[in-house]
2 protein chains.
Amino acid sequence: MSSTQEQQDRRPDTRERLVRSTQELLWERGYVGTSPKAILERAEVGQGSMYHHFAGKSDLALAAIRRTAEGMRETAEQCLSGPGTAYDRVAAYLQRERRVLRGCPIGRMTQDRDVVKDPELRRPVDEMFRWLQSRITEVLAEGQRRGELAAGLDPAATAAAVAAVVQGGYVLARAADDTAPFDAAVQGLLTLLAAQATPGTTTANDR
Amino acid sequence: MSSTQEQQDRRPDTRERLVRSTQELLWERGYVGTSPKAILERAEVGQGSMYHHFAGKSDLALAAIRRTAEGMRETAEQCLSGPGTAYDRVAAYLQRERRVLRGCPIGRMTQDRDVVKDPELRRPVDEMFRWLQSRITEVLAEGQRRGELAAGLDPAATAAAVAAVVQGGYVLARAADDTAPFDAAVQGLLTLLAAQATPGTTTANDR
DNA sequence: GTCTATATCCAGATAGAC
DNA sequence: GTCTATCTGGATATAGAC
């Protein structure tokens, strides 16, 4: 909450409204599909204000992507630092509530040429996924040290698979216009992971 | 090869050139990012020709997406119907040569609102991923019947995880502008899957 | 800080000549 | 079948008044 006005429970200031509108639109339509006009209409802000606060579309997108990445990081951290075994925490991350058919607001950016091509715009996306994978790696490695997970498991590779299953699950679900493939992919990975857990240390797999 | 001219090793006909250009552009820029003008310039074809052969952008995109989906299906089938155990065939699919940083030309379509929203455009994408998952399911189930894979494995869920790891691997790789996360995710999944294989039936895991 | 006016270029398509 | 001309609207930004 960077806005003083908002802390007083009033309408967020202009700059803040612009960032939030951009976050929403980037999620819904991607970078190419989001026009400055659409942003300022959703923010109920005039064109002059927009170009006063931001240099242009990419500048605004940068602020929005940073904000969204920060939010995702906090959400993931909550799951991964929760209670239970390493398996439980990874499962909590994989199974957390998601609006699957909307896709991942950060993952989506990687499909946008203008974002990936621009080092500044790509950076927050890169950092988010880098952090996520290393955080999951930590959780898995800790599980190994505690004897919850088989020593033969490669924490980093497994972490990459976990992150990939989520991102790929979104793709499969959107293709099918159905959340089922997402859930199936998550379940498939968790079942494989459960086989690496020392008996007695893992919450029973629901399936 | 639908074109007679092409079979005689000459310049593909106009219609064919348009479809191919559209395939390339959809892969590079997605649906929203691809303009009719860009298509006809790449195809070296006049605007009149384009609107003669196709009703418009979405009609052209439909032809291009169908063609690309068909190609992907053939490529996947080659890997999945190859020699070796079920594990080997799934590994062959996961590790086949890919231009990872370009992303998946079909998976990319799921990030495009105009495609997912339009039932006709979404259908070939949906069918491709549906086929892929059921084909991998078959391979895994066959492996179980042959005693190569543990009976406790859920073929459908595991197949969804396999497809998701590929699609998600693309996302992670593009975010990092580096193929390493893709390879790591694939390796992570394969290691987990190898643990489900009956000893002696699986090619040694390289790692 | 915010507004309106203006400008340039491109998207996406239609019309009708050849 | 292919070409050029033309059209409407939107993308993205700048200018300068208030």
Side-chain angles (χ1 to χ4, degrees), chain A residues 2-6 8 10-26 28-65 109 112-115 117-118 120-121, chain B residues 2-6 8 10-26 28-65 109 112-115 117-118 120-121:
Chain A
S2 57
S3 158
T4 298
Q5 303 220 347
E6 190 177 2
Q8 298 170 355
R10 303 209 279 112
R11 185 189 199 254
D13 65 23
T14 301
R15 197 189 152 87
E16 181 64 19
R17 296 179 60 77
L18 284 166
V19 171
R20 293 188 189 173
S21 298
T22 307
Q23 288 183 272
E24 292 173 16
L25 284 164
L26 287 181
E28 293 170 15
R29 312 185 181 189
Y31 185 80
V32 237
T34 297
S35 69
K37 191 185 176 195
I39 293 169
L40 54 86
E41 277 172 359
R42 182 168 301 205
E44 293 175 288
V45 152
Q47 192 162 14
S49 301
M50 180 177 139
Y51 283 101
H52 172 74
H53 290 287
F54 296 94
K57 179 179 171 175
S58 72
D59 188 31
L60 194 34
L62 181 59
I65 293 174
M109 296 297 101
D112 228 308
R113 213 177 186 230
D114 294 349
V115 172
K117 208 179 53 190
D118 180 335
E120 225 178 352
L121 288 178
Chain B
S2 57
S3 158
T4 298
Q5 305 220 343
E6 191 177 1
Q8 299 171 354
R10 302 210 276 112
R11 184 190 200 251
D13 66 22
T14 301
R15 197 190 152 86
E16 182 63 21
R17 294 179 63 76
L18 284 165
V19 172
R20 293 188 191 172
S21 298
T22 307
Q23 287 183 274
E24 292 173 16
L25 284 163
L26 287 180
E28 293 169 16
R29 312 186 181 186
Y31 185 81
V32 237
T34 297
S35 70
K37 191 185 175 195
I39 292 169
L40 55 87
E41 277 174 357
R42 183 168 301 205
E44 293 176 288
V45 151
Q47 192 163 13
S49 302
M50 181 178 139
Y51 283 101
H52 172 74
H53 290 288
F54 296 94
K57 178 178 170 176
S58 71
D59 188 31
L60 194 36
L62 181 58
I65 293 174
M109 295 298 100
D112 227 308
R113 207 171 191 237
D114 294 348
V115 172
K117 208 178 53 189
D118 180 335
E120 226 178 352
L121 288 178

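Chain letters run A, B, ... following the sequence lines, proteins first, then strands; residues in each count from 1. Small disclaimer: the values here were computed from a predicted structure and weren't measured.
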First locate atom OG1 of B:T22, then atom CD1 of B:I39, and finally report the distance between them rounded to the nearest 0.5 Å. 3.5 Å
B:R29 and B:A38: which non-hydrogen atoms are nearest, and at how many Å? NH1-CB, 4.3 Å
Would the distance check show the side chain of B:D13 and the main-chain N or O of B:E16 forming a donor-acceptor pair, the cut-off being under 3.5 Å? yes
Going by salt bridge (charged side-chain N to carboxylate O under 4.0 Å, His left out), name the residues that satisfy it together with B:D114, two or more places apart in sequence or in a different chain. B:K117
Here the side-chain hydrogen bond (donor to acceptor under 3.5 Å, both in side chains) pairs for residues 36-46 of chain A, sequence neighbours left out, are A:R17-A:E44, A:E24-A:R42, A:E28-A:R42
Starting at OH of B:Y51 and ending at P of D:dT6, how long is that distance when rounded to a whole Å? 18 Å
List, one per line, each side-chain donor-acceptor pair under 3.5 Å for residues 47-59 of chain A, sequence neighbours excluded.
residue : atom : partner : partner atom : Å
A:K57   : NZ   : A:Y31   : O            : 2.9
A:K57   : NZ   : A:T34   : O            : 2.9
A:D59   : OD2  : A:A55   : N            : 3.0

Take B:T14 and A:V32, find for each the nucleotide of DNA chain D with the closest heavy atom, and name the residue whose nucleotide sits nearer the 5' end. B:T14
Nearest-0.5 Å distance, CG of residue B:L26 to CG of residue B:L60: 8.0 Å
Those residues of residues 33-46 of chain B lying under 4.0 Å from DNA chain C by at least one heavy atom: B:T34, B:S35, B:P36, B:K37
Check every nucleotide of DNA chain C for an atom under 4.0 Å from a heavy-atom of chain B, then give the first and the last such nucleotide from 5' to 3'. C:dA11 to C:dT14
Given side chains that start at C-beta, do those of B:R113 and B:V32 come closer than 4.5 Å, heavy atoms only? no
When the distance from CZ of A:F54 to P of D:dT14 is rounded to whole Å, what number comes out? 16 Å
